[in-house]
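Scope of the values below: all heavy atoms of this structure, side chains included, with no hydrogens, waters or symmetry mates.
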Amino acid sequence: MRITFSHAELPETARQFWETYASEQVFAMNGEMGVGKTTFVKALCSAKGVEDSTASPTFSIINEYRYTDARNREKLIYHLDLYRLKSLEEAIEAGVEDCLYHPDAICFVEWPDVVAPLLPQDTVYVYLSVTADQRRKLVAGSADPGEFTPSLQ
């Protein structure tokens with residue numbers, strides 16, 4: 001998936017994202033500080049029907065949200081911000097593995113490099129960047145992260 005969008009287009013972009021990735025569960029969110037990773041995750045949660053207040057898990061490391069799916073079943077979304085973690089061991093102690101491999105939950109991982117060895121094979125790598133006109137460019141795919149080089153154009 002490749003798309004460029006404005007802040008006003010976030011809800012539609014989130015809808016398109018879920019159309020593309022309807023069955024995937026783990027998303028590695030990449031991009032510079034301040035590019036809008038958390039804002040995009042909030043839009044994705046909103047598109048799923050999360051009613052809880054969503055916020056950056058920078059200090060809590062893991063936030064958990066609930067939504068009801070089309071079959072009226074309660075589902076979980078984990079939003080992880082691993083910016084402050086220094087090692088894989090710290091991530092494991094924080095419970096990251098449980099979130100990544102929860103059989104019935106979606107997991108967004110900001111700053112995923114620290115847990116790269118733990119990421120499931122089918123992780124979707126999401127890259128956000130800022131364009132020259134201050135829009136956001138999203139490049140996403142289920143491939144080796146080295147295959148993606150989002151440009152600022």
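- A donor-acceptor pair under 3.5 Å links the side-chain atoms of T131 to the main chain of R135, judged by distance alone.
- No donor-acceptor distance shorter than 3.5 angstrom exists from the side chain of S46 to the backbone of K42, with no hydrogens or angles considered.
- With sequence neighbours excluded, no residue satisfies side chain to side chain donor-acceptor pair (under 3.5 Å) with Q121.
- The backbone N or O of M33 lies less than 3.5 Å from no partner atom in the side chain of Y83, so there is not a single donor-acceptor pair.
- The closest side-chain donor-acceptor pair between S6 and E9 falls under 3.5 angstrom.
- Contact of the M29 side chain with the V41 side chain is registered, since non-hydrogen atoms from C-beta on lie closer than 4.5 Å.
- Counting only N and O atoms by type, the side chains of Y67 and D69 include no donor and acceptor under 3.5 Å apart.
- If you look at Y78 and F27, their ring centroids are not closer than 6.0 Å.
- Separating the CD1 atom in I3 from the CG atom in L138 is a distance of 7.5 Å, to the nearest 0.5 Å.
- Annotation for L100 and L119: closest pair CD2-CD2, 4.0 Å, computed over non-hydrogen atoms.
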* From CA spacing to verdict: side chain to side chain contact (heavy atoms under 4.5 Å, CB included), L80, I61 -> CA-CA 6 Å; L80 288 62; I61 300 173; 5.6 Å; no
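- Of the possible donor and acceptor atoms, none in the side chain of D104 sits under 3.5 Å from a partner among the backbone N and O of H102.
- Remark: the backbone N or O of L128 is not paired with any side-chain donor or acceptor of K37 at under 3.5 angstrom.
- Summarising the geometry of L76 relative to R66, their closest heavy-atom pair is CD2-NH1, 3.1 Å, with the distance given to 0.1 Å.
- Between the side chains of E110 and H79, at least one donor N or O sits under 3.5 Å from an acceptor N or O.
- Considering only heavy atoms from C-beta on, E64 stays 4.5 Å or farther from I77 through its side chain.
- Put simply, the side chain of R84 never gets that close to the backbone of L82: no donor and acceptor are under 3.5 Å apart.
- Counting only heavy atoms from C-beta outward, the side chains of H7 and T39 approach each other to under 4.5 Å.
- The two residues W18 and A47 have their closest heavy-atom pair at CD1-CB, 3.7 Å.
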* To do: Kindly determine whether F108 and D81 satisfy side chain to side chain contact (heavy atoms under 4.5 Å, CB included), including the steps that lead there.
  => CA-CA 8 Å; F108 296 108; D81 185 330; over 6 Å; no
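- The nearest pair of heavy atoms linking E97 to I92 is OE1-CG2, 3.9 Å.
- Without hydrogens or angle criteria, Q25 side chain to I106 main chain gives no donor-acceptor distance under 3.5 Å.
- Between the R136 side chain and the V35 main chain, a donor and an acceptor come within less than 3.5 Å of each other.
- With contacts defined as side-chain heavy-atom distances shorter than 4.5 Å, the pair Q16/M1 qualifies.
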